[in-house]
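Here the structure is laid out as structure tokens; the discussion comes afterwards.
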2 protein chains.
Amino acid sequence: MALIFSRQCEYALQAVLYMSAKPQKEYTNIIEISDRLDIPMPFLGKTLQLLVQKKILSSQKGPKGGFKLSKPPDEIALYHIVEAIDGTDLFSSCVLGFPKCSSTNPCPMHEEWSVMRDRVYQMLAGKTISDISKEISSSKQLRMKLRLA
Amino acid sequence: MALIFSRQCEYALQAVLYMSAKPQKEYTNIIEISDRLDIPMPFLGKTLQLLVQKKILSSQKGPKGGFKLSKPPDEIALYHIVEAIDGTDLFSSCVLGFPKCSSTNPCPMHEEWSVMRDRVYQMLAGKTISDISKEISSSKQLRMKLRLA
DNA sequence: ATATATTCAGATGCAAAGGTCTGATAATAT
DNA sequence: ATATTATCAGACCTTTGCATCTGAATATAT
């Protein structure tokens, strides 16, 4: 089918976006997130654990536990989340799948795709959780989509 | 992992590019293609059959048989091949995976991603086999990559 | 201390994509 | 006609991504 991000990565992005719209100090538990965003809970658990390992989130067990951002939201770009879950292949490997493809040995789409890829990268690297959380708080529609109050 | 095209789609693009650099009337047999491009032969067979069903290629059994383009190369855009193999989800579904996402009910990345998606579409729709075959014949490097003479 | 809420870790199951195999069918060459 | 070359069609196997289950570990509240 070929979507741009893996499903797991979509879940991760959705979940972090959801958390970003809440007070940053609070832990958000996984039941709430999976419930609101309709993501299978155990799988979401595993996914957020990956982000904990990558130091993007931190977690706390027990009552009042859950996950929260581990750094200020303006230091977390969407790119960091994508990188943590899907890796960087999208931004480095040949779009036509030729194993040996580089600027000195380009495939027929190399140049065009480089440009495109850079734009996608710039967009993801430039957009922080903080940017998005501002957009969310100023848009009723977005709060609805994320099933926030 | 998440590459932009499925592996099968990469194979299809590679194979059509390979064929495009040969005299258009000739059938190219699948052994030659899979051999030169290092693609598993039976899988390539299935893949090219899909393109036959979509009228992008035509095929002929028996000696001197194989596959060839079914129309003039300037009427086949890369987009047609991608569409035939991977479908159009990449160009229509929400980048964050929200089921209900549209311009009237956008996700936090909707606008940016629309722009990006359109550019990718324009690139794929605007680039024809004929364009690429010209590039190939003027570049020794490309002929090498496609393992052509 | 005990009960409870929650993540953590690893094993397992399931479905789809990727890849293989076999026999049938059709076209060409002799 | 026959042998040969090649695609066609469908069944099958393998790997990987997606998802579940279970029990353990740990923090909090009482």
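Note on naming: letters A, B, ... go to the chains in the order of the sequence lines (proteins, then strands), and numbering restarts at 1 for each one.
With sequence neighbours left out, B:K127 forms a side-chain contact (heavy atoms from CB on, under 4.5 Å) with A:E112, B:L78, B:I132, B:E135. The side chain to side chain donor-acceptor pair (under 3.5 Å) search around B:T47 returns B:Q8, not counting sequence neighbours. Scored by the ring-ring contact (aromatic ring centres under 6.0 Å, His included) test, A:Y18 finds no partners at all (sequence neighbours excluded). B:D131 is linked by a side chain to side chain donor-acceptor pair (under 3.5 Å) to B:T128, counting only residues two or more places apart in sequence or in another chain. Remark: B:E111 engages no residue in a salt bridge (charged side-chain N to carboxylate O under 4.0 Å, His left out) (not counting sequence neighbours). Take B:Y79 and apply the ring-ring contact (aromatic ring centres under 6.0 Å, His included) test, not counting sequence neighbours, and it matches B:F91, B:Y121.
The separation between B:F67 atom CZ and C:dA27 atom P is 14 Å, rounded to whole Å. Atom CD in A:E10 sits about 13 Å away from atom C1' in D:dG17, given to the nearest Å. For the pair B:L57 CG and D:dT7 P, the interatomic distance rounds to 12 Å; values are reported in whole Å. The distance between atom CD1 of A:I30 and atom P of D:dA27, rounded to the nearest whole Å, is 17 Å. Counting to the nearest Å, the P atom of C:dA26 and the OH atom of B:Y27 are 16 Å from each other. Between the CG atom of B:L50 and the P atom of D:dT7 there is a distance of 15 Å, rounded to whole Å. Rounding to whole angstrom units, CG of residue B:L44 and P of C:dC21 are separated by 16 Å. Taking atom CD of residue B:Q49 and atom C1' of nucleotide D:dC8, one finds them 5 Å apart after rounding to whole Å.
Listed here is the closest heavy atom pair of B:F5 and B:D86: CA-OD2, 3.5 Å.
Residue A:Q60 places no side-chain N or O under 4.0 Å from the OP1 or OP2 atom of C:dA5. Applying the 4.0 Å criterion to OP1 and OP2 of D:dA6, one finds that B:S59 has every side-chain N and O outside that range.
Listed in residue order, the members of residues 15-26 of chain A having a heavy atom less than 4.0 Å from DNA chain C come to none.
Counting only heavy atoms from C-beta outward, the side chains of A:L51 and A:I85 approach each other to under 4.5 Å.
Sorted by first then second residue, the salt bridge (Lys or Arg N to Asp or Glu O under 4.0 Å) pairs that include residues 9-23 of chain A, not counting sequence neighbours, are A:K22-A:E32. Listed by first and then second residue, the salt bridge (Lys or Arg N to Asp or Glu O under 4.0 Å) pairs involving residues 61-80 of chain A amount to none (not counting sequence neighbours).
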Contacts table for residues 99-107 of chain A: side-chain donor-acceptor under 3.5 angstrom, sequence neighbours left out:
unit_1 : atom_1 : unit_2 : atom_2 : d
A:S102 : OG     : A:T104 : N      : 3.4
A:S102 : OG     : A:T104 : OG1    : 3.2
A:S102 : OG     : A:N105 : N      : 3.2
A:N105 : ND2    : A:K100 : O      : 3.4

Polar atoms only, N or O, under 3.5 Å: list the protein pairs with nucleotides 2-5 of chain D and their distances.
unit_1 : atom_1 : unit_2 : atom_2 : d
D:dT5  : O2     : B:P63  : N      : 3.4

Please write out each protein N/O paired with an N/O of nucleotides 18-21 of chain D under 3.5 Å, distance rounded to 0.1 Å.
unit_1 : atom_1 : unit_2 : atom_2 : d
D:dC18 : OP1    : A:R7   : N      : 3.1
D:dA19 : OP2    : A:Y11  : OH     : 3.2

